[in-house]
Amino acid sequence: MSEINYDGKVAIITGAGAGLGKTYALEFAKRGAKVVVNDLGGSRDGSGADTRAADQVVDEIKAAGGEAAPNYDSVATKEGGENIVKTAVDNFGKVDIIVNNAGILRDKSIVKMSKDEWDLVLAVHLNGAFFVTQPAFKLMKENAYGRIINTASGAGLYGNFGQANYAAAKMGLVGLMHSVHTEGAKYNIKCNTIAPIAASRLTEDVMPPEIFTKLDPKFVTPLVLFLASEENQDSGMIFNCAAGWFSRSAIMCGTGTFIGDGQRDIAVEEVRDAWNQVTSLDDIKVLNNVNDSFGYLAKLFQ
Ligand code: NAI
């Protein structure tokens, strides 16, 4: 088996002081990458800050002979994102890899969710990924190389009770991926999204202990590292991963049906009567971008 390494590559991992991010940072460094270990060091709900979270991981990498620099900024501000990228440039001269991983939880049912709970979760997960990716993308474009991994969640892809803020942010990251993938295509910038399941402080009280103990974050790490490698040529894809299970999810489009002729009005009853065809998932396809959906209107232009 030929080994994958990251010699000469610079990786930014956000939220790398604990959980999944920490495993990525250690493995990237072990395989030759220079790593920016970003972590605010706050609590699970996003309050507080502590520089020790990032420092401990940097110390561990250096003790093992690797190269790393800490960054303590929050991803949730534009200045924070710029400073994280600046940390990479000041210490290692460039950015090749970003793992947008930092995350918090403020779970509430939708009726009880406050504006602050909504705003903060969107700010960390969604704005955070934008604030880090945007300044790095400019550099990646100049170098014609980039590998970006966003972290979504099954809660966003498939739904979960009490996580309207988190689910919306996580699906927002899928939308961000699609644009970064499309805009990065001609510069060899690949962007993919993962939906992991792993034992961490975010999940310790939501999973039964017998399941929790089988979900070591280290099982997600190989997928992230592969997506971040030069060998990976895929982009714009979503992957599930947990405990050694790896699979792809995709947003698909059904063939549906065509009512009317693009000129006459369409009655509500016509939609009702065609409902089985409208909702059918027969012949579903992954579309490469929004323009592909115009293919379904071909009948209009015949
Ligand atoms: P974790 O809580 O162990 O790690 C998240 C890290 O992000 C923490 O070290 C925290 O200090 C840091 N962080 C939080 N806000 C930050 C900010 N504003 N700026 C910089 N750093 C910040 O959680 P875990 O489980 O490792 O989660 C990592 C990512 O994976 C998150 O985006 C989470 O939503 C996602 N995820 C995790 C799942 C799981 O089963 N553990 C399931 C689905 C998604």
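Remember, it's 1-based here, ligands and their atoms both numbered in the order they're listed. We count residues from 1, following the sequence as given. Quantities reported herein were computed from a predicted structural model and do not represent experimental measurements.
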Kindly tell me which protein residues have any non-hydrogen atom under 4.0 angstrom away from an atom of ligand 1, grouped by chain and ordered by number?
-> Gly15, Ala18, Gly19, Leu20, Asn38, Asp39, Leu40, Gly41, Gly42, Asp73, Ser74, Val75, Asn101, Ala102, Gly103, Ile104, Val124, His125, Thr151, Ala152, Ser153, Tyr166, Lys170, Pro196, Ile197, Ala198, Ser200, Arg201, Leu202, Thr203
Side chain to side chain contact (heavy atoms under 4.5 Å, CB included) between Ile13 and Phe28: does it pass, once the steps are laid out?
-> CA-CA 10 Å; Ile13 321 295; Phe28 273 120; 3.6 Å; yes
Any pair counted as side-chain hydrogen bond (donor to acceptor under 3.5 Å, both in side chains), so long as it reaches residues 209-227, sequence neighbours left out = Thr23-Thr221
Any side-chain donor-acceptor pair under 3.5 Å between Glu117 and Asn165?
-> no
Distance-minimising heavy-atom pair for Ala102 and Gly15 = CB-N, 3.7 Å
Donor-acceptor contacts under 3.5 Å from residues 5-12 side chains, at least two apart:
{"residue": "Asn5", "atom": "OD1", "partner": "Asp7", "partner atom": "N", "Å": "3.0"}
{"residue": "Tyr6", "atom": "OH", "partner": "Leu225", "partner atom": "O", "Å": "2.5"}
{"residue": "Lys9", "atom": "NZ", "partner": "Glu230", "partner atom": "OE2", "Å": "2.9"}

Which pairs, with at least one residue in residues 185-209 and sequence neighbours excluded, count as a ring-ring contact (aromatic ring centres under 6.0 Å, His included)?
-> none
